[in-house]
**Student:** 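Have a look at this one.
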Amino acid sequence: MIGYSFKKNENINFLFNHLKTMAKDGIKAPHDDGWGIATFVSDKEVVFHKSMQPVFNEDDLNIESYLGMIHARKASDNLEKTFLQLHPYFIKDTFFSHNGTIYLDKIDNVFGTDSFEYFKALYDFNNFNDLKEKIKEFISKNSYSGINFLMIRNNELYVFCNYTRTEDYFTLWYTENDTGFIVASEKMDNSFIPFENGMLAKIVNGKMENILYI
């Protein structure tokens, strides 16, 4: 998955091509069980799209955007492969994508996914510290392989990286420059540095504004 926050609209096709590369040839490839995108082209317009086609079979995506997330799915064992399971998800004005598997006793949502249960537990937060506490509470009650997420609300991008195994697979990578901020499941070039395990970041207008650790 890829998340980004830019200072102004940029053509995001280079990010889409990186997602294609990761999905086709990256770690534990292929990620070919569909893909989805939520991308803000203005403060009043969001392009939201999902497809069951493998993302690496798609044409170029020539959209100019300042904020968004793109996700290619590799279905966990024993989970369905339908349109309902594709990320991102949204509740009201909040968008969410998750990488990893959470071992829940009960899944109670129409999508049939652990990811949406995770989202339900987090989305209604009051501030950055409150989000941290909601994550801590969820982690204390559930075991998981990886519990990474991207979340967008109120033009702010939130990124969390946390895993219990397979560091090379679950580590998120990010870069920050004059254009803005990008985070990805695999680095695009040598400017990308790793998120620490347990790191929660808030990104606003293309800049990492705050970091907490869980």
**Student:** Take a 6.0 Å sphere around CZ of Phe138 and say whether it holds more than 12 heavy atoms from other residues, nucleotides or ligands.
**Tutor:**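 Counting neighbours around CZ of Phe138, more than 12 heavy atoms of other residues, nucleotides or ligands fall under 6.0 Å, so yes.
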**Student:** Is it the case that Ser185 and Asn99 place a side-chain donor and acceptor less than 3.5 Å from each other?
**Tutor:**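 Their side chains do contain a donor-acceptor pair, which is all the 3.5 Å distance test asks for.
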**Student:** Got Trp173 and Pro194 here, is their nearest side-chain heavy-atom distance under 4.5 Å?
**Tutor:**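 The answer is yes, as the side chains (C-beta and beyond) meet within the 4.5 Å cut-off.
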**Student:** Do Ile147 and Phe119 belong to the same hydrophobic cluster, where Ile, Leu, Val, Met, Phe, Trp and Tyr are linked whenever their side-chain heavy atoms lie under 4.5 Å apart, directly or via other members?
**Tutor:**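 Same cluster.
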**Student:** Side chains of Ser140 and Glu137: any donor to acceptor distance under 3.5 Å?
**Tutor:** no
**Student:** Can you tell me how far the OH atom of Tyr158 sits from the NZ atom of Lys132, to the nearest 0.5 Å?
**Tutor:**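 Here the rounded value is 15.0 Å.
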**Student:** Evaluate the criterion side-chain contact (heavy atoms from CB on, under 4.5 Å) for residue pair Leu157 and Tyr4; output intermediate values, then yes/no.
**Tutor:** CA-CA 8 Å; Leu157 171 65; Tyr4 60 92; 5.7 Å; no
**Student:** Please report the C-alpha distance between Glu58 and Lys20 in whole Å, then the side-chain angles of each, then the deciding distance to 0.1 Å, and finally whether the salt bridge (charged side-chain N to carboxylate O under 4.0 Å, His left out) criterion is met.
**Tutor:** CA-CA 8 Å; Glu58 297 281 7; Lys20 290 182 187 180; over 6 Å; no
**Student:** Determine which pairs satisfy salt bridge (Lys or Arg N to Asp or Glu O under 4.0 Å) with at least one residue from residues 142-153, sequence neighbours left out, and list them in order.
**Tutor:**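 As it turns out, there is no salt bridge (Lys or Arg N to Asp or Glu O under 4.0 Å) pair with a partner in residues 142-153 once direct neighbours are skipped.
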**Student:** Without swapping roles, check the side chain of Glu186 against the backbone of Gly26 for a donor-acceptor pair under 3.5 Å.
**Tutor:**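 Judged by distance alone, no pair lies under 3.5 Å.
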**Student:** Just checking Lys134: does its NZ atom have more than 12 heavy atoms from other residues, nucleotides or ligands closer to it than 6.0 angstrom?
**Tutor:**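 More than 12 heavy atoms, drawn from other residues, nucleotides or ligands, come within 6.0 Å of this atom.
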**Student:** Which pair of non-hydrogen atoms, one from Ala72 and one from Ala23, has the smallest distance, and what is that distance?
**Tutor:** CB-CB, 4.1 Å
**Student:** Indicate yes or no: at least one non-hydrogen side-chain atom of Met1 is less than 4.5 angstrom from one of His87.
**Tutor:** no
**Student:** Would you find more than 12 non-hydrogen atoms of other residues, nucleotides or ligands less than 6.0 Å from Asp189 atom CG?
**Tutor:** yes
**Student:** Between Arg165 and Glu167, does at least one N-O distance fall below 4.0 Å, as a salt bridge requires?
**Tutor:**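 Result for this pair is no, no salt bridge flagged.
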**Student:** May I ask you to test the Thr166-Lys28 pair for a side-chain heavy-atom distance under 4.5 Å?
**Tutor:**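 Thr166 reaches Lys28 side chain to side chain.
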**Student:** Please find the pair of heavy atoms, one from Met151 and one from Leu131, that lie closest to each other, and give the distance.
**Tutor:**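 Result for this residue pair: CE-CD1, 3.7 Å.
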**Student:** Which of parallel (below 30°), tilted (30 to 60°) and perpendicular (above 60°) describes Phe149 and Phe160?
**Tutor:**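 The rings of Phe149 and Phe160 sit tilted, inter-plane angle from 30° to 60°.
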**Student:** Could you tell me the separation between the CG atom of Asp60 and the CD1 atom of Ile12, rounded to the nearest 0.5 Å?
**Tutor:** 11.5 Å
**Student:** Apply side-chain contact (heavy atoms from CB on, under 4.5 Å) to residues Met188 and Thr175 and explain how you reach the verdict.
**Tutor:** CA-CA 9 Å; Met188 299 176 67; Thr175 189; over 6 Å; no
**Student:** Please name the pair of heavy atoms, one in Ala184 and one in Ile2, separated by the smallest distance, quoted to 0.1 Å.
**Tutor:** CB-CG1, 4.0 Å
**Student:** Walk me through whether Val183 and Phe181 qualify under side-chain contact (heavy atoms from CB on, under 4.5 Å).
**Tutor:** CA-CA 7 Å; Val183 60; Phe181 174 95; 3.7 Å; yes
**Student:** Would you confirm whether Asp33, through its side chain, and Ala75, through its main-chain N or O, come within 3.5 Å as a donor-acceptor pair?
**Tutor:** yes
**Student:** At what distance, to the nearest 0.5 angstrom, does OG1 of Thr179 lie from NZ of Lys8?
**Tutor:** 7.0 Å
**Student:** Indicate if Tyr213 and Tyr163 have the same hydrophobic cluster label, given that clusters are the connected sets of ILVMFWY residues with side-chain heavy-atom separations under 4.5 angstrom.
**Tutor:** no
**Student:** Does Val46 reach the side chain of Phe95, with side-chain heavy atoms less than 4.5 Å apart?
**Tutor:** yes
**Student:** Write down the atom of Asn148, the atom of Cys161, and the distance for their closest heavy-atom approach.
**Tutor:**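 Minimum heavy-atom contact is OD1-CA, 3.2 Å.
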**Student:** Evaluate the ring planes of Phe116 and Phe111, with Trp represented by its six-membered ring, and classify them as parallel (under 30°), tilted (30 to 60°) or perpendicular (over 60°).
**Tutor:**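 Rings of Phe116 and Phe111: tilted, 30 to 60°.
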**Student:** Verify, without hydrogens or angle tests, whether Lys120 (side chain) and Asn109 (backbone) share a donor-acceptor contact under 3.5 angstrom.
**Tutor:**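 Not at all, since once roles are kept as given, no pair shorter than 3.5 Å links the two residues.
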**Student:** With rounding to the nearest 0.5 Å, note down the distance linking CZ in Phe128 to CD in Glu156.
**Tutor:**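 That separation rounds to 9.5 Å.
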**Student:** Same hydrophobic cluster for Phe48 and Trp35, using side-chain heavy-atom links shorter than 4.5 Å among ILVMFWY?
**Tutor:**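 No, no single cluster joins them.
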**Student:** Quick one: are Leu104 and Tyr118 in side-chain contact, heavy atoms under 4.5 Å?
**Tutor:**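 Contact flag for Leu104/Tyr118 side chains = no.
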**Student:** Could you verify whether a donor N or O on one side chain and an acceptor N or O on the other, from Tyr169 and Ser145, lie under 3.5 Å apart?
**Tutor:** no
**Student:** Please indicate whether Asn190 has more than 12 foreign heavy atoms, meaning atoms of other residues, nucleotides or ligands, lying under 6.0 Å from its CG.
**Tutor:**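 No.
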**Student:** How many angstroms lie between CG in Asn177 and CZ in Phe6, if you round to the nearest 0.5 Å?
**Tutor:**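 So the CG of Asn177 and the CZ of Phe6 are separated by 8.0 Å.
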**Student:** When you measure from the side chain of Lys50 to the backbone N and O of Leu86, does any donor-acceptor pair fall under 3.5 Å?
**Tutor:**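 Confirmed, Lys50 side chain pairs with Leu86 backbone.
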**Student:** Could you tell me which non-hydrogen atom of Thr39 sits nearest to which non-hydrogen atom of Ser65, and how far apart they are?
**Tutor:**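 So the two residues come closest at OG1-OG, 2.5 Å.
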**Student:** Can Leu15 be reached from Leu172 by stepping across I, L, V, M, F, W or Y side chains whose heavy atoms are under 4.5 Å apart?
**Tutor:**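 No; tracing contacts between hydrophobic side chains, which count when under 4.5 Å, never links both residues.
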**Student:** Is it the case that the side chain of Gln85 and the backbone of Thr113 share a donor-acceptor pair, with hydrogens and angles ignored and the cut-off at 3.5 Å?
**Tutor:**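 Pair absent, no side-chain N/O of Gln85 close to backbone of Thr113.
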**Student:** Starting from the C-alpha separation in whole Å, work towards a yes-or-no answer on side-chain contact (heavy atoms from CB on, under 4.5 Å) for Tyr144 and Asn162.
**Tutor:** CA-CA 9 Å; Tyr144 55 90; Asn162 192 262; 2.3 Å; yes
**Student:** How long is the straight-line distance from OH of Tyr123 back to CG of Asp93, given to the nearest 0.5 Å?
**Tutor:** 10.0 Å
**Student:** Measure the shortest side-chain to side-chain distance between Phe96 and Leu150 over non-hydrogen atoms and say whether it is less than 4.5 angstrom.
**Tutor:**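 A side-chain contact is absent here, since even the closest heavy-atom pair is not under 4.5 Å.
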**Student:** Taking the side chain as every heavy atom from C-beta outward, state whether Phe56 and His31 have any pair of such atoms under 4.5 Å apart.
**Tutor:** no
**Student:** With a 3.5 Å cut-off and no angle check, do the side chains of His98 and Ser115 form a donor-acceptor pair?
**Tutor:**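 The answer is yes; a qualifying pair exists.
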**Student:** Taking the side chain as every heavy atom from C-beta outward, state whether Ile37 and Leu19 have any atom pair closer than 4.5 Å.
**Tutor:**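 Not in contact.
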**Student:** Looking at Lys207, I want to see if its NZ is surrounded by more than 12 non-hydrogen atoms of other residues, nucleotides or ligands under 6.0 Å.
**Tutor:**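 No, NZ of Lys207 has 12 or fewer neighbouring heavy atoms, counting only those of other groups under 6.0 Å.
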**Student:** Indicate, with yes or no, if Phe90 and Phe83 share a hydrophobic cluster defined by side-chain heavy-atom contacts under 4.5 Å among Ile, Leu, Val, Met, Phe, Trp and Tyr.
**Tutor:** no
**Student:** Would the number of heavy atoms belonging to other residues, nucleotides or ligands and lying under 6.0 Å from CG of Asn197 be above 12?
**Tutor:** yes
**Student:** Taking all heavy atoms of Leu61 and all of Asn11, pick out the closest pair and write down the distance.
**Tutor:**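 Heavy atoms of Leu61 and Asn11 come nearest at O-OD1, 4.2 Å.
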